[in-house]
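Nothing here was measured: the structure is a model prediction, and the numbers come from that model.
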Amino acid sequence: MSAVLFDFSGTLFRVESTESWLRAVLAGAAVTLTEPELTETARALETAGALPGGAAPAWLPEDLAGVWAVRDESAELHRAAYTGLSRRVPLPDDGLHDALYERHMSPDAWSPYPDTAEVLRTLKERGVPVAVVSNIGWDLRPVFRAHGLDAYVDAYVLSYEHGVQKPDPRLFSVACEALGTQPEKALMVGDSRPADGGAAALGCRVHFVDHLPVAERPDALLPVLDLVGRPGRPVQPR
């Protein structure tokens, strides 16, 4: 392996909980709910799948099915899909739905997994180029900068910037080209078999991690370092 492609949400970073997301927006808008109301509203938003990077919708409204299927192909579609789901849940002010969407794009809403920095830094030290390949509708670069990780990423290949989303092999192809590597020499690391597994069709090797809360997944990325090894040296088992 001469290059590594990483997914973003659920792989390198995890979004905050739905309750934390809601609390932050309510506080910013100076809107108060009782604790039972807040808990119930957060539960309803989670069931609706309104938090990007959070739980998938428990059921998908028929009028949103079309936009949901292609939501990561543009910023407009992404916003429409998630604010559409959010609006299934009554909030004290309609403007809070847009505020929730804006909040999820804030670096404060995201936490890197405990081993993310170590893995990215080590790959950089070994001279192994890295690309972040994400199905997303907004620019995640500020998240990496805010957490001090941007220096370890050589390319960002974001679905909404290319109008194509994983598992379409074209997105992985763009990433390999950006890193100057052949697909068969690239490793794709992600948490979604349906989406990230699409890299295999291009010839990439694929490694999966579980999309878990940050505290529950301290070292799942470390095996990547063994899979890649050091340039010019054989891979040694851990």
Side-chain angles (χ1 to χ4, degrees), residues 1-18 20-21 24 51-55 72 103-161 166 171-172 174-176 178-179 181 186-193 195-199 204-231 235-238:
M1 301 294 105
S2 62
V4 184
L5 317 180
F6 285 100
D7 173 52
F8 168 58
S9 174
T11 300
L12 294 176
F13 281 80
R14 169 84 178 205
V15 75
E16 64 187 333
S17 70
T18 308
S20 171
W21 177 55
L51 172 59
D72 295 314
R103 165 68 187 183
H104 103 273
M105 296 186 287
S106 165
D108 291 339
W110 295 88
S111 297
Y113 281 95
D115 52 353
T116 293
E118 177 183 352
V119 169
L120 293 181
R121 181 176 61 251
T122 301
L123 291 173
K124 174 66 75 172
E125 292 171 350
R126 293 181 183 180
V128 178
V130 164
V132 173
V133 185
S134 178
N135 278 354
I136 200 165
W138 50 277
D139 186 4
L140 52 72
R141 295 172 182 85
V143 175
F144 281 79
R145 288 196 292 269
H147 289 275
L149 299 174
D150 183 60
Y152 305 133
V153 178
D154 300 283
Y156 295 91
V157 180
L158 311 181
S159 61
Y160 84 101
E161 293 182 336
K166 299 181 287 186
L171 205 62
F172 305 107
V174 169
C176 289
L179 299 183
T181 190
L187 173 68
M188 176 66 208
V189 182
D191 68 296
S192 171
R193 282 166 172 76
D196 300 312
C204 299
R205 184 172 179 180
V206 184
H207 177 73
F208 295 106
V209 294
D210 293 325
H211 190 154
L212 295 171
V214 167
E216 296 177 22
R217 215 197 74 190
D219 55 9
L221 291 171
L222 294 181
V224 170
L225 300 178
D226 290 334
L227 292 171
V228 176
R230 296 175 182 272
V235 174
Q236 299 295 325
R238 183 174 291 275

Discussion item. Within the 4.5 Å heavy-atom criterion, are S192 and D7 side-chain neighbours or not?
Written reply: no

Item to complete: Please name the pair of heavy atoms, one in M188 and one in V133, separated by the smallest distance, quoted to 0.1 Å.
Response: CE-O, 4.4 Å

Worksheet item: Which is it for V209 and F6 under the side chain to side chain contact (heavy atoms under 4.5 Å, CB included) test, yes or no, and what are the steps along the way?
Response: CA-CA 11 Å; V209 294; F6 285 100; over 6 Å; no

Worksheet item: Side chains of V15 and P52: closer than 4.5 Å at any heavy-atom pair?
Response: no

Worksheet item: Hey, does T11 have a side-chain heavy atom less than 4.5 Å from the side chain of V132?
Response: no

Discussion item. Rounded at 0.5 Å granularity, tell me how far CD in E118 sits from CG in L225.
Written reply: 6.5 Å

Item to complete: Enter the distance from L187:CG to C204:SG here, rounded to the nearest 0.5 Å.
Response: 8.5 Å

Worksheet item: Is the shortest heavy-atom distance from the side chain of H147 to the side chain of T116 under 4.5 Å?
Response: no

Worksheet entry | Pairwise side-chain contact, P218 with D115, heavy-atom cut-off 4.5 Å (strictly under) | no

Worksheet item: Tell me, do R141 and L158 make a side-chain contact under 4.5 Å, heavy atoms counted?
Response: yes

Worksheet item: Between atom CG of D139 and atom CE of M105, what is the distance when rounded to the nearest 0.5 Å?
Response: 10.0 Å

Worksheet entry | Close side-chain approach of D154 and K124, heavy atoms under 4.5 Å | yes

Worksheet item: Do the charged groups of D196 and K166 touch, with an N to O distance under 4.0 Å?
Response: yes

Discussion item. Tell me whether R217 contacts the main-chain N or O of G10 through its side chain, where contact means a donor paired with an acceptor under 3.5 Å.
Written reply: yes

Discussion item. Could you measure the distance from the OH atom of Y152 to the CG atom of L12? Nearest 0.5 Å is fine.
Written reply: 13.5 Å

Worksheet item: Looking only at heavy atoms, what is the nearest atom pair of V206 and A199, with distance?
Response: CG2-CB, 4.1 Å

Worksheet item: How long is the span from the OG atom in S9 to the CG atom in N135, to the nearest 0.5 Å?
Response: 10.5 Å

Fill in: Nearest-0.5 Å distance that lies between atom CZ in R103 and atom OG in S20
6.0 Å

Worksheet item: What orientation do F8 and F13 show, parallel under 30°, tilted 30 to 60°, or perpendicular over 60°?
Response: tilted

Worksheet item: Minimum heavy-atom separation for D210 to Y113, with atom names?
Response: O-OH, 4.5 Å

Worksheet, complete the sentence: Shortest non-hydrogen pair, V153 vs A155, comes out as CG1-O, 3.3 Å

Fill in: Heavy-atom pair of closest approach, residues T181 and A186
CG2-CB, 4.2 Å

Response to the item:
For V128 and A3 the tightest heavy-atom approach is CG1-CA, 3.9 Å

Worksheet item: Are any non-hydrogen side-chain atoms of H211 and R14 less than 4.5 angstrom apart?
Response: yes

Fill in: Expected output: side-chain S159 to main-chain I136 donor-acceptor under 3.5 Å
yes

Discussion item. When you measure from the side chain of R193 to the backbone of F208, do you find a donor-acceptor pair of N or O atoms at a distance under 3.5 Å?
Written reply: no

